[in-house]
Amino acid sequence: KTVKMAEAVKQNFDSWKVKLDKKLHEENSVNDALAKVEAKTGVRRLYLVLGLVAFLALYLMVGYGAQFLCNFLGFLYPAYASVKAIESTRKDDDTQWLTYWVVYSAFSLVEFFADIFLFWIPFYWLLKCIFLVYCFAPFPWNGSNVIYNRFIRPFILRHQEKVDDTLDKMGQAAEGLANDAISEAAQAAARNATKLD
């Protein structure tokens, strides 16, 4: 039984390696840079990428500045992809990245309040980085879609009317305060003008 399980894991890993190797040979600027490094070093680009991933994983476990690196990785590519989505004419990529940012924001909010407990989780920054990569991974069942559709969307839809009413009341109150401030400023300016005359 253990042998069959090990063989299944090896087959899945080999299948994953073949898919990754195929992706690394597609035409784009990152793969062009990898091709140059591969030509200079003689090391296959697949192993260069796997080595980089292993280094990043180790650094996120024990390195100084792991928090910054994790947050940087969770922000950099999604921000770049979001700008590309804004500039494209397709709607589906906009939805994909809006979903990611909603989940990212919700996660950041939860993380802020749970920070005191997160300190005790071993390898937290590695786990968070894996989670963020899962959230922006380019497949339809990525973490953002799963979390948004299972948790965030039902919660928002259930409370949407209350939130909209509260936002409307806050907007009206803010508009009233702004009008009062403008009116008072105009009256003060008029009083100052009459004093100067």
Rounded distance [0.5 Å steps], [atom1] in [X] versus [atom2] in [Y]:
{"X": "Gln160", "Y": "Asp164", "atom1": "CD", "atom2": "CG", "result": "5.0 Å"}
{"X": "Leu109", "Y": "Glu111", "atom1": "CG", "atom2": "CD", "result": "10.5 Å"}
{"X": "Leu46", "Y": "Glu38", "atom1": "CG", "atom2": "CD", "result": "9.5 Å"}
{"X": "Thr99", "Y": "Asp94", "atom1": "OG1", "atom2": "CG", "result": "10.5 Å"}
{"X": "Leu20", "Y": "His25", "atom1": "CG", "atom2": "NE2", "result": "10.5 Å"}

Return yes when atom CZ of Phe139 has more than 12 non-hydrogen atoms of other residues, nucleotides or ligands closer than 6.0 Å, and no otherwise. yes

Other residues, nucleotides, ligands: >12 heavy atoms within 6.0 Å of Ile116 CD1: no

Partner of Phe131 under ring pair (Phe, Tyr, Trp, His ring centres under 6.0 Å), chosen from Phe107, Phe136, Trp125: Phe107

Run the salt bridge (Lys or Arg N to Asp or Glu O under 4.0 Å) check on Asp14 and Lys10 step by step: do they pass? CA-CA 6 Å; Asp14 290 343; Lys10 185 180 181 326; 3.0 Å; yes

Please report the shortest heavy-atom distance between [X] and [Y], naming the atom on each side.
{"X": "Cys70", "Y": "Cys129", "value": "SG-N, 3.5 Å"}
{"X": "Leu132", "Y": "Tyr104", "value": "CD2-CD1, 3.8 Å"}
{"X": "Cys135", "Y": "Val103", "value": "SG-CG1, 4.1 Å"}
{"X": "Arg45", "Y": "Asn31", "value": "NH1-O, 3.6 Å"}

Within the side chain of [X], is there an N or O that forms a donor-acceptor pair under 3.5 Å with the backbone of [Y]?
{"X": "Ser88", "Y": "Ala85", "result": "yes"}
{"X": "Asn142", "Y": "Asn145", "result": "yes"}
{"X": "Thr166", "Y": "Lys162", "result": "yes"}

Any chance you could lay out the ring pair (Phe, Tyr, Trp, His ring centres under 6.0 Å) test for Trp101 and Phe75, step after step, and finish with the verdict? CA-CA 9 Å; Trp101 290 114; Phe75 174 80; 5.8 Å; yes

Residues two or more places apart in sequence or in another chain: which of them pass salt bridge (Lys or Arg N to Asp or Glu O under 4.0 Å) with Glu26? Lys23

Does [X] reach the side chain of [Y], with side-chain heavy atoms less than 4.5 Å apart?
{"X": "Leu48", "Y": "Leu24", "answer": "no"}
{"X": "Ser15", "Y": "Lys19", "answer": "yes"}
{"X": "Val18", "Y": "Lys22", "answer": "no"}

Leu60 and side-chain contact (heavy atoms from CB on, under 4.5 Å): which single residue from Leu69, Ile130, Leu127 fits? Leu69

Just say parallel, tilted or perpendicular for the rings of Tyr77 and Trp97, cut-offs at 30° and 60°. perpendicular

Take Tyr47 and Thr41 through the side-chain contact (heavy atoms from CB on, under 4.5 Å) test and state the conclusion after the steps. CA-CA 11 Å; Tyr47 298 125; Thr41 62; over 6 Å; no

Charged N to carboxylate O below 4.0 Å: is that the case for Asp165 and Lys169? no

Apply side-chain contact (heavy atoms from CB on, under 4.5 Å) to the pair Asp93 and Lys84, showing each step before the final yes or no. CA-CA 9 Å; Asp93 57 354; Lys84 284 181 62 175; over 6 Å; no

